[in-house]
Amino acid sequence: TILILDFGSQYTHLIARRIRELGVYCELLACTTKIADVKFKPKGVILSGSPYSVYDKDAPHVDPAVWSLNVPILGICYGLQEIAWTHKGTVSPHDKREYGKAEIETLPGSRLFANLPNELVVWMSHGDQLSQIPEGFKPVAKTATAPFVAIEKEEEQVYGIQFHPEVTHTPQGSALLRNFVIGICEAKADWTMTSFIDKEIERIRAIVGPTAQVVGAVSGGVDSTVAAKLMSSAIGDRFHAILVDNGVMRLNECQTVKETLQHHLGINLTVADASDLFLGRLKGVNDPEKKRKIIGNSFIEVFEQEAAKIEAAVEQQGKGKIEFLLQGTLYPDVIESISFKGPSATIKTHHNVGGLLDDMKLKVIEPLRELFKDEVRALGTLMGIDDDLVWRHPFPGPGIAIRILGEVTPEQVQIARHADHIYIEEIKKAGLYRKISQAYAALLPVRSVGVMGDKRTYEQVIALRAVETKDFMTADWFEFPYDILKKISSRIINEVQGVNRVVYDVSSKPPATIEWE
Ligand code: XMP
């Protein structure tokens, strides 16, 4: 395991990503973590970048015990300055913030740059730079203006670099990290999803024990499906998956999810059809946040009722009690909660309905909490889950209720569903589904005049949304070829009753959001 100590840089999670891609397991902890509290013995340590300068009064510093771990240490950007700060080098503020591409020249002999060209393009993002090299260190790379962009003290295995190898703008960044992690730290590249499955199944069995029962909500999304498949592989029918039909899922979605989970993946599934309850409560409600609250609270209520029914049945059969709740939490959420928050703390994105735990007194079990999204997808594929599901776009918990602007009625749901279905079908036919991060049709509450045959129509508008994004915090609208938009538009207008106009949303996020509500 490689230990990454996070000083709050916006890039820290990418360090973890890159190292995992090398097949090496790593964990990220806050920079203020006490080494005595680290539960594993790291093969190497990486100190991340940071929005701070080491001389700031409240600048974070590592536990000094790091320096006596006797394993290789690599400081990146602020991490380099932290090395200089603790080894009595001098860091001086640079008037000009260096930000962007730079060319560096590496000096021969460093294991960090083994098998790399002498000249490298790298990505810089920092205000301070090293003006004096700490004692015992030697420079191993320079630029025209900075003599110490990379330094090392080989006998102590301490390395520092000013640039960011974890971003794709540093083309040889992964190779450099490989040199450090596999070459210098001698970490094993044995982190594969195949080995993960077996280990995780064993771990789940050990936690759950021989009789306890587990419940978990599934939505048809990749995270909950993969988590459910792992759980059912570990404990079979002692895992009870619950799908709540809230009446605002997509066309035929409930049926498809049922088919896939129950029949194809062999998961013990209960479908709770609560569409009337949800739609009843949504009647007359226009405000998006109210819709979210109603759906969130009703979901918890229905889920708990279903779980209680399952518990009663299980108890009657003299089997164990329900003791655990399965959740599909991923590593980015975990990182979000353990990261060191610098002055520019990340903006929170939406989270799915919480609240289940407070009521149910169950212990949480999170088999995906060490994984990134693409690792979950790889895992899904390995466990025989269809590509369609593995690559499905994210779908919000409140479903199409927040894609129907204004009141959500059964008639509006039908129109929105039908239009969305055609839209996604055409995107898939055009082979664009995987290029787009998220796409959906929104039903607007305005009516516009149209003409059909020799009759005047006065009907609703569908707004098509498609975005490309990495993290859903910022997004660009997708540039469709016109002929595909044309086809989608004419199909929706011809086939969906109640719609006579289709528009394409060309707003990026920010300032617009991905959803319309
Ligand atoms: P926005 O609209 O904020 O959306 O740009 C960013 C991402 O979050 C999803 N989203 C939600 N997901 N419950 C969810 O589970 C919600 O209430 C919710 N609102 C937005 C949205 O689909 C996009 O992926």
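Residues: numbered from 1 along the sequence shown. All values below come from the heavy atoms of this structure, side chains included, with hydrogens, waters and symmetry mates left out.
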Over all heavy atoms of both residues, which pair between [X] and [Y] is shortest? Give the atoms and the distance, please.
| X | Y | value |
| --- | --- | --- |
| D505 | S507 | OD1-OG, 2.5 Å |
| G498 | I415 | CA-CD1, 4.5 Å |
| V390 | G380 | CG2-C, 4.0 Å |
| D386 | H264 | OD1-NE2, 4.0 Å |
| S508 | A475 | CB-O, 3.2 Å |
| I422 | E495 | CD1-OE1, 3.6 Å |

So do the side chains of [X] and [Y] get within less than 4.5 Å of each other, counting heavy atoms only?
| X | Y | result |
| --- | --- | --- |
| V222 | T225 | no |
| K290 | K293 | no |
| R292 | I402 | yes |
| V208 | V214 | yes |
| V248 | F278 | no |
| T12 | I335 | no |
| L74 | L112 | yes |
| L432 | F478 | yes |

How long is the gap from [atom1] on [X] to [atom2] on [Y], to the nearest 0.5 Å?
| X | Y | atom1 | atom2 | answer |
| --- | --- | --- | --- | --- |
| F239 | F324 | CZ | CZ | 13.0 Å |
| I404 | W516 | CD1 | CH2 | 14.0 Å |
| Y78 | C31 | OH | SG | 7.0 Å |
| I235 | I365 | CD1 | CD1 | 7.5 Å |
| N246 | R281 | CG | CZ | 12.5 Å |
| I400 | R417 | CD1 | CZ | 5.0 Å |

Residues [X] and [Y] bridged, charged N to O under 4.0 Å:
| X | Y | result |
| --- | --- | --- |
| E370 | K199 | no |
| R392 | E253 | yes |
| E200 | R203 | yes |
| E21 | R17 | yes |

### Intermediate values then yes/no, side chain to side chain contact (heavy atoms under 4.5 Å, CB included), H421 and E425
CA-CA 6 Å; H421 189 75; E425 192 172 83; 3.7 Å; yes
Do other residues, nucleotides or ligands put more than 12 heavy atoms under 6.0 Å from the [atom1] atom of [X]?
| X | atom1 | value |
| --- | --- | --- |
| F40 | CZ | yes |
| R18 | CZ | yes |
| E468 | CD | yes |
| N115 | CG | no |
| E517 | CD | yes |
| K373 | NZ | yes |
| K428 | NZ | yes |
| K283 | NZ | no |

Between [X] and [Y], is there a donor-acceptor pair closer than 3.5 Å when you use the side chain of the first and the backbone of the second?
| X | Y | result |
| --- | --- | --- |
| N268 | H240 | no |
| S275 | D245 | no |
| N286 | E407 | yes |
| H393 | I436 | yes |
| Q262 | L269 | yes |
| S489 | L485 | no |
| K291 | G406 | yes |
| R403 | A441 | no |
| T457 | E459 | no |
| R369 | D333 | no |

### Query
Is there a donor in the side chain of E306 and an acceptor in the side chain of T270, or the other way round, less than 3.5 Å apart?
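Judged by distance alone, the side chains do not pair up.
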### Query
Do you see a donor-acceptor pair shorter than 3.5 Å between the side chains of W191 and E375?
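Per modelled atom types, W191 and E375 side chains form a pair under 3.5 Å.
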### Query
Given T1 and Y25, is the side chain to side chain contact (heavy atoms under 4.5 Å, CB included) satisfied, shown in steps?
CA-CA 5 Å; T1 305; Y25 185 66; 3.6 Å; yes
### Message
What verdict does the side chain to side chain contact (heavy atoms under 4.5 Å, CB included) test give for K509 and T474, after you've listed the backbone C-alpha separation in whole Å, the side-chain angles of each residue and the deciding distance to 0.1 Å?
### Response
CA-CA 5 Å; K509 172 182 180 176; T474 62; 5.5 Å; no
### Cationic tip of R20 above F372 ring, under 6.0 Å, 45° of axis
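Checked: cation-pi criterion not met.
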### Query
Does the pair L379 and L230 meet the rule for a side chain to side chain contact (heavy atoms under 4.5 Å, CB included), with working shown?
CA-CA 9 Å; L379 191 57; L230 266 174; 4.2 Å; yes
### Query
Taking the six-membered ring for Trp, are Y504 and W477 parallel (under 30°), tilted (30 to 60°) or perpendicular (over 60°)?
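Perpendicular: the ring planes of Y504 and W477 meet at over 60°.
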